[in-house]
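To find a chain, count down the sequence lines: A is the first, B the second, and so on, and within it residues start at 1.
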There are 2 protein chains.
Amino acid sequence: MSKRTKLSDVAEVAGVSTATVSRVLNGNERVDPELADRVRTALAELKYRRNRLARGLRQRSSSLIGAIIPDVSNPFFTDVVRGLEDGVREAGFMLVLCNSDEDPQKENDYLELLVDQQAAGIVLAPAGSRTPGLAEALDAGVRVVVIDRLLEGVNVDTVVLANTEGARALTTHLLESGGRVAHISGPMRASTASERVEGYRRALREHGLGRRDEIIIESDYTVEGGYAAMGRLLELQPRPDAVLVGNNVMTLGVLRRVAEAGLRPEDLRIGSFDPVPWGADPDRTVAVLEHPSHQLGTVAAELIMAAIADESHTPHTVVLPSGEIV
Amino acid sequence: MSKRTKLSDVAEVAGVSTATVSRVLNGNERVDPELADRVRTALAELKYRRNRLARGLRQRSSSLIGAIIPDVSNPFFTDVVRGLEDGVREAGFMLVLCNSDEDPQKENDYLELLVDQQAAGIVLAPAGSRTPGLAEALDAGVRVVVIDRLLEGVNVDTVVLANTEGARALTTHLLESGGRVAHISGPMRASTASERVEGYRRALREHGLGRRDEIIIESDYTVEGGYAAMGRLLELQPRPDAVLVGNNVMTLGVLRRVAEAGLRPEDLRIGSFDPVPWGADPDRTVAVLEHPSHQLGTVAAELIMAAIADESHTPHTVVLPSGEIV
DNA sequence: TTGAAAGCGCTAACAC
DNA sequence: GTGTTAGCGCTTTCAA
């Protein structure tokens, strides 16, 4: 546990002031090439590593970007996180991943902790539709980008998917094979869910179908929820011919329930959103709309970086178009 | 973006020194109850939040615990991370989750970054069997706990599962239904893989079977790897009657390959380790050994906390027993 | 272009 | 039990 070498040690060895070493390290200001070389030699020789806490304290901002995610094991968010990581590391920041477990309380705790930690930015995929701690974070000068879901009552950078249009396209696809199409939706407090319901309705109307033809079951974006909702659909007389499932995770429950009922893909067609977890649908019986999840992450990273760089940044909302149906 | 209130603001309002406020905040030393009350009032009134960077700089250690995980979307590690989080948050630390993506380079980058960040501790689930950066981290005084896999050539706190014994039990279970039992193993550079192979062999010997009865295919702990390995097993004459699969993820590939071959659970029995991802095996045709994955996390958290508290801590290796076969 | 020196916000000796 | 003060390691004026 040898004492770590610090800036002044490097300065001493190189025969310059700490200010010069700092300038070489940051590379913004001009330094005499000969001095810079001496500094770089000393840096390497002493295996210098800079103390990011001290740097952050002085700069009133650390090199941490926090990502608060409702469920890191959902492959959709795993993709998003990879995208974030790529963008963030490239810019020399470090991504701090926080799993809120769909719990607004935990979400808020992490938000506060990140602010206390002087995080340079926070990427938030909110569990609910409101986040009290967010206003304080913004107030403290931390840059925030909200992803995946829209948040009420705050003016903040946001990146979301074109949920309404995506659901409309997917529903239309299901309708084209004929029959009645039901919808298992997520919790309506989530903007993703209400938008997808809207898209589903729009597709129905475009096919000359009215309110009486809508079959919507509100569920909760979990495997168990999907399973239960599918069970209720199977009890209907007549049974629907197809179902639009509100997210990838519920699809697992739906597939399982359908398999238990002994139905084949021709009997009950399924439409959902990718990425479908862990190759759960090897035979590709589900029509999935490709989501640009990785891109959601990279765009969010770009937005955060832009906001950090640009002092007077005006919040924007970016809507990413869905991909193909496969 | 109002200026954040700092300790000295609180001290002024409460009419005490900054030292007293600090003492109240940390709660270790004794403070006059009346003063403490005034401080707490001021704290609340000003909505004071402490700057963790400054605190960390002074204490030469931040309140961050880093967790470097090969694949956060593997439900085994998701469980582990939950366990870690529980233990770490309880002690007032914050867990920084880093996804190394099975890439030793990324793993090393994160290790260095965490040291630069003055992390109080690092929990490492190594991608390989060696980690050059680890020695430097320990040298810098950062507490490290290695989990899941054994690392060569370093004396460090370690928490692993009883892999040999678990594999032995599972193989024995498969042997009891008769027939020949094959093994799809992980990469032998991983201690988990070599230990499970050892357990598999031991069970065979205990059943009076020799080397000639061993059928081992080395794979790589991925879905695709499991799929390919199972394909090779199916070509064998005679075909094995059962297979011990080296981890949960490969089991997905195996299940898929088996389904494609049109085999039923009676034709080819499968043994593996939980947690099986995303309810991929709804009919419970796979015999799984329950892994105490959550506990792996909590124990690692305890170890880290103990090491941080105890200046002169001697590294230990903890082996957690497997659970039941279900 | 470079160096001296102040100071980010906090904690920990030390003196009272 | 409390306050004064030095200083953690870095960046950033400011003056030279």
Subject >> Below 4.0 Å: OP1/OP2 of dG3(C) and any side-chain N or O of Thr20(A) >> reply: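 Yes, within the criterion.
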**OP:** Please state whether the phosphate of dG9(C), meaning OP1 or OP2, lies under 4.0 angstrom from any side-chain nitrogen or oxygen of Arg60(A).
**Re:**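 For Arg60(A), the contact criterion (side-chain N or O under 4.0 Å from OP1 or OP2 of dG9(C)) is met.
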Subject >> Minimum heavy-atom distance Asp9(B)-Arg4(B), with the two atoms named >> reply: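 Where Asp9(B) meets Arg4(B) most closely, the heavy atoms are OD2-O, 4.3 Å.
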Quick check against the 3.5 Å criterion: does [X] have a side-chain atom that pairs as donor or acceptor with the backbone of [Y]?
X         : Y         : value
Arg23(A)  : Arg30(A)  : no
Thr158(A) : Val156(A) : yes
Arg149(B) : Ser191(B) : no
Asp116(A) : Arg52(B)  : no

With sequence neighbours excluded, what pairs up with [X] under the salt bridge (Lys or Arg N to Asp or Glu O under 4.0 Å) test?
X         : answer
Glu85(B)  : Lys106(A)
Arg189(A) : none
Arg82(A)  : Asp101(B)

Original post:
Around Glu90(B), counting heavy atoms of other residues, nucleotides and ligands shown, do more than 12 lie under 6.0 Å from its CD?
Top reply: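 Atom CD in Glu90(B) is not packed in, count stays at 12 or less.
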**OP:** Check step by step if side-chain contact (heavy atoms from CB on, under 4.5 Å) holds for Val13(B) and Leu46(B).
**Re:** CA-CA 9 Å; Val13(B) 169; Leu46(B) 298 176; 3.8 Å; yes
**OP:** Using distance alone, with no hydrogens and no angle criterion, decide if His291(B) and Asp79(B) have a side-chain donor and acceptor under 3.5 Å apart.
**Re:**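 Judged by distance alone, the side chains do not pair up.
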Rounding to an integer number of Å, can you tell me how far [X] [atom1] sits from [N] [atom2]?
X         : N       : atom1 : atom2 : result
Leu57(B)  : dG7(D)  : CG    : C1'   : 9 Å
Gln117(A) : dC10(C) : CD    : P     : 13 Å
Arg52(B)  : dC10(C) : CZ    : P     : 12 Å
Asp116(A) : dC10(C) : CG    : C1'   : 13 Å

Original post:
Between the two end axes of the helix from dT1(C)-dA16(D) to dC16(C)-dG1(D), each built from 5 base pairs, what angle do you get to the nearest 10°?
Top reply: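 The angle, to the nearest 10 degrees, is 40°.
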Original post:
Going by number, which of residues 32-44 of chain A have a non-hydrogen atom under 4.0 Å from DNA chain C?
Top reply: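 Residues of residues 32-44 of chain A that come under 4.0 Å of DNA chain C are, in numerical order, Asp32(A), Leu35(A).
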Polar-atom pairs under 3.5 Å, protein N or O versus N or O of nucleotides 11-15 of chain C: list them with distances, or write none.
unit_1, atom_1, unit_2, atom_2, d
dT11(C), OP1, Arg50(B), NH1, 3.1
dT11(C), OP1, Arg55(B), NH1, 2.9
dT11(C), OP2, Ser22(B), OG, 2.8
dT11(C), O2, Arg58(B), NH1, 2.6

